[in-house]
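Sequence lines set the chain letters: A, B, ... in the order given, protein chains first and strands last, and positions in each chain run from 1. It should be emphasised that the depicted structure is a prediction, and the values quoted were computed from it without experimental measurement.
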Amino acid sequence: MIAIKIEGLTKKYKDLVAVDNLNLTINEGELFSLLGVNGAGKTTTIKMLSCLTQATSGDAFLLGKSIKSDASEVKSIIAVSPQETAVAPALTVYENLELICGIYGFSKEKSNSKINELISLLSLDSVKKKKASKLSGGYARRLSIAMALISEPRILFLDEPTLGLDVIARSDLWDIINALKGKITIILTTHYMEEAEELSDRIGIMKNGKLLICDTPKAIKSQTNEETIEKAFIKVVKEAEK
Amino acid sequence: MRMLTFAKRNFKEIIRDPLNLCFLFGFPVVLLLLLSAIQANIPVSMFEIEHLSPGIAVFGLAFMSLFSATLISKDRQSSFMHRLYTTPMKPKDFIFGYTIPLIPIAIAEGIATYIFAIILGLEISINIILSLLLLIPIALLYIGIGLLCGSVLNDKQVGGICGALLTNLSAWFSGIWFDLELVGGAFKKISYALPFVHSVEMQRAVISGNYSNVLPHLIWVLAYAIIIIVIAIYLFLRQMKNQ
């Protein structure tokens, strides 16, 4: 089943075309990575798909719901873990999760059950009573992802989830993301090529708002005659500059 | 449900900041103590406790603007607000969620001020309860200013505007610290065209049991509160759309 169908999605800011006629289909349960240099249009694409920014033209359908005409229904099936850690600083880990449960209208029993499940899944037990402002970068990012997952989204947007994390924290997050694969549809943006290669079912490479290539990591390497996604990425982007 | 959940979060964010608690409860108490000490040595009718305490209760509410504007501004500049915008939260959940928690905080500030004023000699009467109730429209005025500033300014600008400028304006144009009749002229006219002196005089009227003087001042306060809240809601919704 198709999770996301993007049809001619375009975003213009005055003279700048941030996303240019994007067409893409992502299947349910797939982990799709969007790669690109800064300003390629990845975050703008995610903002449009998550109804944060209105598209200038085109549309996208998330599980059949239009981001233009069914924004509130789209919001009920998605969750976003933004680029920066998006947590309430003075609340504890537990209270942050409780806040999101309340926003989604969960009952007390369901909230407790979901919070304990997520605390266990993301190994947050040792810090659950700690204020979010006192967490290390790795734990704060885990909490941010837990807050995205707690609403039981069918589509999850992870915007640079491991940015600024150390190697161990990044590896731990990879394990968590790998564990989610197949259960929900994940759209990931990242600057780390090895991350995209390790985690993704398919990768899309963007530049200047355009999707240059979209395929499995293996197929992209094969098409570019390169051994790694990093080299393939550089080749695709540089060829587009010519 | 969403609104109350968000209001609960905002309440915790404000009261868990020790600096906020100092401003809320420490500042009015210190002012009462200092000015009462001056009054004890050099009697000035302005600083008699039944005249001074309503003014201090109102002046303390100026910090409501600082608290709400800082919280909104920080949320707006962080990804936390982006996350909330992708949830089913509606604009009214945000606006009431930021407003509701500050009302009990404002009343708590008023209670603390009057308890200390009673210790310093203010007569206990039903007027204190009425005065606390009439702090609510004044609190709404200051919360509205906070919502307005938080919607358009960053947290550093909020510190300057709500922290320094607003508290100074509230002090100069309120008639708490000096008699506006003594200054007179344009200064007095400006003061009476602004809501601060009306807030203080409404509180003084209630505390002294001069109920007939309450309504004219209440109308000024409510008119300003409504206008500012309407502008604040418009600006908040505009920034929400721009996000």
Side-chain angles (χ1 to χ4, degrees), chain A residues 13 43 46-54 62 67 71-92 95-108 111 131-134 140-141 143-145 147-148 150-151 153 155-157 159-160 163, chain B residues 1-24 66-68 70-98 100-102 105 150 154-155 237-243:
Chain A
Y13 296 101
T43 299
I46 285 193
K47 280 187 172 177
M48 285 192 285
L49 294 177
S50 55
C51 307
L52 265 177
T53 300
Q54 283 187 344
L62 280 69
I67 58 167
S72 56
E73 286 186 60
V74 169
K75 285 180 180 183
S76 68
I77 54 168
I78 64 161
V80 181
S81 180
Q83 207 171 87
E84 292 165 53
T85 306
V87 297
L91 302 193
T92 64
E95 287 170 337
N96 264 288
L97 295 170
E98 217 171 26
L99 167 71
I100 303 296
C101 288
I103 286 171
Y104 281 89
F106 290 0
S107 66
K108 187 87 182 158
S111 294
K131 275 189 190 173
S133 59
K134 307 282 181 200
R141 205 58 66 90
L143 171 59
S144 192
I145 293 174
M147 287 167 76
I150 206 156
S151 60
I155 299 172
L156 173 66
F157 296 96
D159 197 3
E160 313 240 8
L163 187 72
Chain B
M1 175 69 182
R2 279 185 208 121
M3 185 194 299
L4 291 178
T5 302
F6 187 55
K8 197 172 153 189
R9 173 263 169 177
N10 295 332
F11 182 78
K12 287 179 182 170
E13 288 279 354
I14 293 167
I15 61 158
R16 284 182 182 175
D17 186 336
L19 203 60
N20 286 351
L21 294 180
C22 285
F23 276 122
L24 253 180
L66 181 64
F67 298 159
S68 65
T70 305
L71 182 63
I72 295 164
S73 181
K74 281 186 176 170
D75 280 352
R76 212 165 43 80
Q77 289 169 74
S78 76
S79 296
F80 182 70
M81 197 71 116
H82 286 161
R83 179 194 289 285
L84 296 183
Y85 286 159
T86 63
T87 70
M89 277 183 75
K90 301 270 187 290
K92 67 175 169 40
D93 298 325
F94 285 100
I95 289 159
F96 285 107
Y98 280 122
I100 290 168
L102 285 155
I105 293 174
N154 64 38
D155 58 331
L237 296 178
R238 196 185 67 166
Q239 68 78 29
M240 200 173 167
K241 200 178 171 192
N242 289 344
Q243 291 277 337

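For Val87(A), the part sitting under 4.5 Å from any heavy atom of chain B is the backbone (N, CA, C, O) and nothing else. Looking at Ser151(A), there are no atoms closer than 4.5 Å to chain B (heavy atoms on both sides), in backbone or side chain. Of the atoms belonging to Ile14(B), not a single heavy atom falls under 4.5 Å from chain A. Looking at Pro153(A), neither its backbone nor its side chain comes within 4.5 Å of chain B, counting heavy atoms on both sides. If you measure heavy-atom distances from Ala148(A) to chain B, the contacts under 4.5 Å come from both the backbone and the side chain.
Contact tally against chain B (heavy-atom pairs below 4.5 Å) for Gly105(A), Pro89(A), Ser81(A), Ala71(A): the top residue is Pro89(A). Put simply, of Arg2(B), Lys8(B), Met1(B), the one with the most heavy-atom pairs under 4.5 Å next to chain A is Arg2(B). If you tally non-hydrogen atom pairs under 4.5 Å between each of Gly102(A), Ser50(A), Ser72(A), Ala79(A) and chain B, the highest count goes to Gly102(A). Interface remark: of the candidates Cys101(A), Ala88(A), Cys51(A), Ala88(A) forms the most heavy-atom pairs closer than 4.5 Å to chain B.
Once rounded to the nearest 0.5 Å, the distance linking OG of Ser111(A) with CD1 of Ile100(A) reads 11.0 Å. With values rounded to the nearest 0.5 angstrom, Arg83(B) atom CZ is found 4.5 Å from Met147(A) atom CE.
For Phe106(A), the CZ atom counts as densely surrounded, since its 6.0 Å shell holds more than 12 non-hydrogen atoms of other residues, nucleotides or ligands. The neighbour count for Lys12(B) NZ, taken as heavy atoms of other residues, nucleotides or ligands under 6.0 Å away, is above 12.
A salt bridge is defined here as a Lys NZ or Arg NE, NH1 or NH2 lying under 4.0 Å from an Asp or Glu carboxylate O, and Arg16(B) with Glu95(A) meets this definition.
Using a 4.5 Å cut-off on side-chain heavy atoms (C-beta onward), Phe67(B) and Leu24(B) make contact. Contact check for Asp93(B) versus Phe6(B): no side-chain heavy atoms found under the 4.5 Å cut-off.
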